[in-house]
Amino acid sequence: MAVYKRTYKGYEGAQTPEWSRFLILPRYAWESLFKQRFLLIFYVICFFYPIGAGIFLYINANLGMLASLIEAAGKFNGLEIDGKFFYIFHSVQSSLAFILTAFIGPGLVSPDLSNNALPLYFCRPFSRSEYVAGKLGVVAFLLSFITWIPGLLLFLLQWSVGPEGWFAKYSWIAPAIFLSSVMWILLISLLALALSAWVRWKVVAGALLLLVFFLSTGLAAAINAVMRTDKGSWLDITSNSGRIALELFRVREFMDYSEGQGISIEEAWTAQFLALGFCLWLLWKKIRAYEVIK
Amino acid sequence: MTPVIQLENLSVRLGNRDILRGLTGTLSGRTIGLLGPNGAGKSTMINTLLGFYPPISGTAKVLGLDIRTQAKEIRRLVGYMPENDTFIGSMSAVSFVRMMAELSGLPGEAALERAHEALFYVGLGEARYRQVGTYSLGMKQLAKLAQAIVHGPKLVILDEPTNGLDPPARQRMLKLIKEMRDSNQMNLILCSHLLKDVEDTCEEVMILKQGQMVYSANLEDERKLNRRFLELETYGVQNGFVEAAEALGCECAALTGGRVKMVLGTGVEIRDIYKLAAERNLQLRRLSYRRDTLEDIFLKAMEFKGAPQAK
C-alpha cells in the first residue's frame with residue numbers, strides 16, 4: 001500500500017524465526033555505534049596487531065627465502081611459535097577489548113532504562129533473556145572479531161606455513177585461544193551491561209567498569225594481607241582471568257607467584273563463573289518492564 | 001466470538017500491597033474503556049494482561065489465551081502504547097518504529113514499509129526522520145501509537161493516550177482511535193481517567209476502584225436502556241395526563257412548571273405519550289431522552305462500597 005493512503009491495515013505476512021530476533025538489537029546498535037568516528041578508528045586500530053602478527057608468522061616461517069634476499073636475515077634462526085606467542089597476542093587484544101567495552105558497554109542498557117523503553121521491548125514476543133542476549137551480542141560479536149577469531153586465524157596461518165609437526169605439538173593452543181577469549185569477553189561484557197543497568201549515567205558506568213577491575217585487585221590484596229589468607233583472591237577478577245589464561249596457554253613462567261600461593265586454577269575458574277553468575281543476577285534484577293518499588 | 005478479556009478471580013500483589021483483588025468478568029466489546037481514579041489498578045491490570053506482573057491468584061485470558069501459560073502468544077497479538085514517556089530518544093522515528101516491528105517478528109523490508117505507513121497514518125509522516133528525543137509531547141504520543149500498531153495487532157492497549165495533549169492533538173488522537181475502531185481489524189482497550197474520551201470511543205466499560213471491579217457494562221446497552229427515560233415539559237392543564245400515563249405502565253414524577261419525568265413502561269412507545277397528550281389537548285413543548293452520562297455512571301460506581309457490580 002502506498003504511504004499516502006493513510007488508512008490502517010493489518011499485517012498477515014511472513015514472520016521471522018523467534019530464535020533470530022535477539023540479533024536485531026546488535027544490528028541497530030552497531031549502526032549507531034559506527035557513526036562515531038572515534039570508535040570506528042579505535043576498532044580499526046584493534047586489527048593492527050593481528051595483521052602485524054600474521055605478517056610476522058609468515059616471515060618467520062619463510063626466513064630461508066628471505067635469507068637469499070637479505071643477507072642479514074640468515075643470522076636469525078627464527079622464533080619458536082608456541083603458547084607464549086599466542087598468550088602475548090591474547091593479552092594485547094584482551095586489553096584493547098577491555099578499552100572497547102569501556103566505550104561501548106555503558107551505553108547499551110542505561111539509555112533504555114532512562115527512557116523507560118523496556119516495556120516497549122517486552123510487550124512484544126521478546127523475552128528478558130533475549131534482550132540480555134541481544135545486548136551482550138553487541139559487545140561480544142565486536143570483541144570476537146578482535147580476539148579469538150583473529151587468534152584462530154593466526155593459529156591456522158601458523159599451521160599452514162609452520163614446520164611439519166607443529167600442529168601435532170601445539171594443537172591445544174586453538175581451544176586455549178577460544179576459551180580464554182570467550183571467558184574474558186563474557187566477563188567484561190556482562191560486567192559492563194550490569195553496571196550500565198544499575199548506574200544510569202553512561203560516563204559513570206564506564207568509569208566504574210575500570211574501577212571494578214582495580215578495586216577487586218586492591219580488595220583481594222587487602223583481605224589476603226589482613227586475614228593472612230589466600231581466599232581474598234576469589235574477588236580478584238583480573239588476576240583470576242590472567243591465571244586462567246596462563247594455565248590455558250601453558251606459560252606458567254609468567255606467573256608472578258609460586259606454586260601453592262593464591263587460589264588454585266579450579267578455584268579461579270569457579271570464581272570467574274561466580275562473577276558471571278553475579279553479573280547475570282544483577283541484570284535480571286534490573287531488566288524488567290516495570291520496576292516494583294516496595 | 002472469543003471474548004477480548006476474561007478475568008477469573010484475578011489478584012495481583014506488588015510489594016506488600018494488594019493492587020488487584022479478585023477481578024472477575026468478561027469483556028467482549030470492540031473498544032473497551034478501563035476507568036478508575038488514580039491508583040485504582042488500571043495500569044497494573046494492563047501490565048498483568050501483558051505478563052509483566054504475575055498474578056498471585058486467579059488468571060485472565062486475552063483473546064482466549066491464558067496470561068499464565070501463553071504470555072508470548074498474547075504479546076504476538078497485542079500492541080501496547082504505554083502511559084509514560086517511553087521511547088528510544090537517539091533513534092529516528094522510522095528506525096524506532098521499524099525496530100519495534102522487527103522485534104514483533106516482521107522481516108526487515110516489511111518492517112520498514114510498515115514503519116513508514118504507520119508513521120504516515122498517525123500523522124508523523126513529515127517528521128519521521130527526526131530523532132524521537134526531539135519530538136514534542138504530542139508527537140511522542142503519536143510515535144508511541146505508531147509503534148503499537150505497526151505489526152498489525154489484533155488488540156491494541158492504549159494507556160492514557162491523550163495524556164498531556166493540547167485540545168487539537170487530543171481530538172486528533174481520538175479521531176485515530178475511532179478510525180482504528182471502525183476499521184474492524186482490531187479490538188481496543190482504552191485506559192483513561194478522562195471520561196469523555198472513553199464515552200466517545202468505547203462500547204464497553206469496566207470501572208475499577210481500589211483494585212476491585214465496581215462496574216462493568218456495555219455502554220450501547222446502557223444507552224438503549226436510558227432511552228426509556230423521558231423528560232417532558234407540558235403547557236396547559238394536564239387533565240389526568242400523568243395518571244393516564246401511569247395507567248399505561250409508566251413511572252411518572254410530576255414536577256413544578258408542567259415538567260414531568262417519566263420511565264416508559266414495557267411496550268409503551270413515544271407515540272402513545274403523544275396520543276395521551278393529544279387526547280387531553282395538552283401541549284408538549286419539550287420532550288427529551290434523559291441519558292445517564294458516563295460521568296453519572298462513574299460517580300455512582302465511585303460511591304459503591306459493596307460487592308463488584310457487573311451488568
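Letters A, B, ... are given to chains in the order of the sequence lines, protein chains preceding strands, and every chain is numbered from 1.
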Rounding to 0.5 Å, atoms OG (Ser104(B)) and CZ (Arg21(A)) come to a distance of 8.0 Å
One should read off an interatomic distance between Ser20(A) OG and Glu102(B) CD, to the nearest 0.5 angstrom, of 9.5 Å
So for [X], is it side chain, backbone, both, or neither that comes closer than 4.5 Å to the heavy atoms of chain A?
| X | answer |
| --- | --- |
| Arg114(B) | side chain |
| Met91(B) | side chain |
| Lys154(B) | side chain |
| Leu119(B) | neither |

[X] [atom1]: over 12 foreign heavy atoms closer than 6.0 Å:
| X | atom1 | result |
| --- | --- | --- |
| Lys175(B) | NZ | no |
| Phe278(A) | CZ | no |
| Phe145(A) | CZ | no |

Hey, are the side chains of [X] and [Y] touching, using non-hydrogen atoms and a 4.5 Å cut-off?
| X | Y | result |
| --- | --- | --- |
| Asp85(B) | Asn115(A) | no |
| Tyr11(A) | Gln185(B) | no |
| Leu120(A) | Phe96(B) | yes |
| Tyr121(A) | Ile88(B) | yes |

Looking only at heavy atoms, the pair that brings Phe52(B) and Phe122(A) closest together is CE2-O, 3.2 Å
Heavy-atom nearest pair, Ala14(A) first then Pro107(B), reads O-CD, 3.2 Å
If one checks every heavy atom of Pro119(A) against chain B at 4.5 Å, the contacting part turns out to be both
Turns out that what part of Ile24(A) lies under 4.5 Å from chain B's heavy atoms comes down to side chain
Exam field: side chain Arg124(A) to backbone Tyr80(B), donor-acceptor pair closer than 3.5 Å
no
Inset, instruction - Examine distances only and state if a side-chain atom of Thr16(A) and a backbone atom of Gly105(B) form a donor-acceptor pair shorter than 3.5 Å. - result: yes
Most heavy-atom pairs under 4.5 Å with chain B, out of Glu130(A), Arg27(A), Glu12(A), Glu31(A), belong to Arg27(A)
Counting heavy-atom pairs under 4.5 angstrom with chain A, the leader among His151(B), Arg75(B), Met186(B), Lys72(B) is Arg75(B)
